[in-house]
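Step one of this worksheet: look at the structure below.
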Amino acid sequence: MNYWLVKSEPDECGIDDFVASGDKPIRWDGIRNYQARNFLRAMRPGDQVLLYHSSCKQIGVAGVLEVVTAPYVDPLQFEPDSDYYDAKASTDKPKWSAVDLRLVGKARQILPLATLKQLSALQTCALLTRPRLSVMSLTENEWQAIIKALGHLQLFSEAKG
DNA sequence: GCCAACGTTGGC
DNA sequence: GCCAACGTTGGC
């Protein structure tokens, strides 16, 4: 079991999109950074993922997702009309990957960045030390610290009964 | 292979 | 909207 954190602007794809999608997974695509891609390629079905909302009113952890599929070729790299088109990628030599993610639970309230910054377990976490990295692994310790902060505040609710 | 210019991310 | 951080590009 591995732990991850992914960032997204909620206008693009946020926790409410996962709530609306219910059991149906959403493809996590459009990653166009090599380090983020390499983390994404290490994802395995069943891995747990925190969803972080960036560049928005309420910045912070918005909920928990899980990995549904193994990584596969991101089809958007081949679509010229897509924002995520990559002219250098070919079906012979695809460059970018995607996985499918599904909702586990939504936070009752966003766990704000300001709070995350105060957690001692996160002082060396990539979320705080590596700005602009949009997919990262978390240690079990980092994961537990965030889950505890979510749970202790009773922020967590089951998305589906 | 170096590095300046440029573009993007993302908090504030 | 500003700007710091930093990844990418491209000239040499």
Once you round it to whole Å, what is the distance between [atom2] of [N] and [atom1] of [X]?
{"X": "A:L127", "N": "B:dG10", "atom1": "CG", "atom2": "P", "answer": "10 Å"}
{"X": "A:Q58", "N": "B:dC12", "atom1": "CD", "atom2": "P", "answer": "14 Å"}
{"X": "A:L113", "N": "B:dC12", "atom1": "CG", "atom2": "C1'", "answer": "11 Å"}
{"X": "A:I59", "N": "B:dG10", "atom1": "CD1", "atom2": "P", "answer": "10 Å"}
{"X": "A:D11", "N": "B:dT9", "atom1": "CG", "atom2": "P", "answer": "14 Å"}
{"X": "A:Q35", "N": "C:dG7", "atom1": "CD", "atom2": "P", "answer": "7 Å"}
{"X": "A:N33", "N": "B:dG7", "atom1": "CG", "atom2": "C1'", "answer": "13 Å"}
{"X": "A:D86", "N": "C:dT8", "atom1": "CG", "atom2": "C1'", "answer": "12 Å"}

Verify the contact: side-chain N or O of [X] to OP1 or OP2 of [N], cut-off strictly under 4.0 Å; return yes or no.
{"X": "A:Y52", "N": "B:dT9", "result": "no"}
{"X": "A:R32", "N": "B:dT8", "result": "no"}
{"X": "A:K7", "N": "B:dG10", "result": "yes"}

query = Reckon A:K57 touches a base, only the sugar-phosphate, or nothing at all at heavy-atom distances under 4.0 Å?
reply =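 Contact class for A:K57: none.
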message = Once you apply a heavy-atom cut-off of 4.0 Å, does A:S54 come out as touching a base, just sugar-phosphate, or nothing?
response =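 Answer is sugar-phosphate: A:S54 comes under 4.0 Å of backbone atoms only.
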query = Can you check whether A:Y34 and A:W96 have ring centres sitting under 6.0 Å from each other?
reply =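 Yes, the ring of A:Y34 comes within the 6.0 Å limit of the ring of A:W96, centre to centre.
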Taking the side chain of [X] as its heavy atoms from C-beta onward, which of [options] lies nearest to it?
{"X": "A:S55", "options": "C:dT8, C:dA5, B:dG10", "answer": "B:dG10"}
{"X": "A:R130", "options": "B:dG10, C:dG7, B:dG11", "answer": "C:dG7"}
{"X": "A:Y34", "options": "C:dT9, B:dC12, C:dT8", "answer": "C:dT8"}
{"X": "A:P131", "options": "C:dA5, C:dT9, C:dG7", "answer": "C:dA5"}
{"X": "A:S134", "options": "C:dA5, B:dC12, B:dG10", "answer": "B:dG10"}

ask   = When clusters are formed by joining ILVMFWY residues with side-chain heavy atoms under 4.5 Å apart, either directly or through shared neighbours, do A:V68 and A:L101 land in the same one?
value =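 They do not share one cluster, since no chain of ILVMFWY contacts under 4.5 Å joins A:V68 to A:L101.
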request  = Look at the side-chain heavy atoms of Ile, Leu, Val, Met, Phe, Trp and Tyr, link any pair under 4.5 Å apart, and say whether A:L76 and A:V99 land in one connected group.
outcome  =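 No; A:V99 is not reachable from A:L76 via cluster members.
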Lys/Arg-Asp/Glu bridge criterion (N-O < 4.0 Å) met for A:D86, A:K88 =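 No salt bridge links A:D86 with A:K88.
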message = Would you compute the distance between atom CE of A:M1 and atom CD of A:Q48 and round it to the nearest 0.5 angstrom?
response =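 The distance works out to 4.5 Å.
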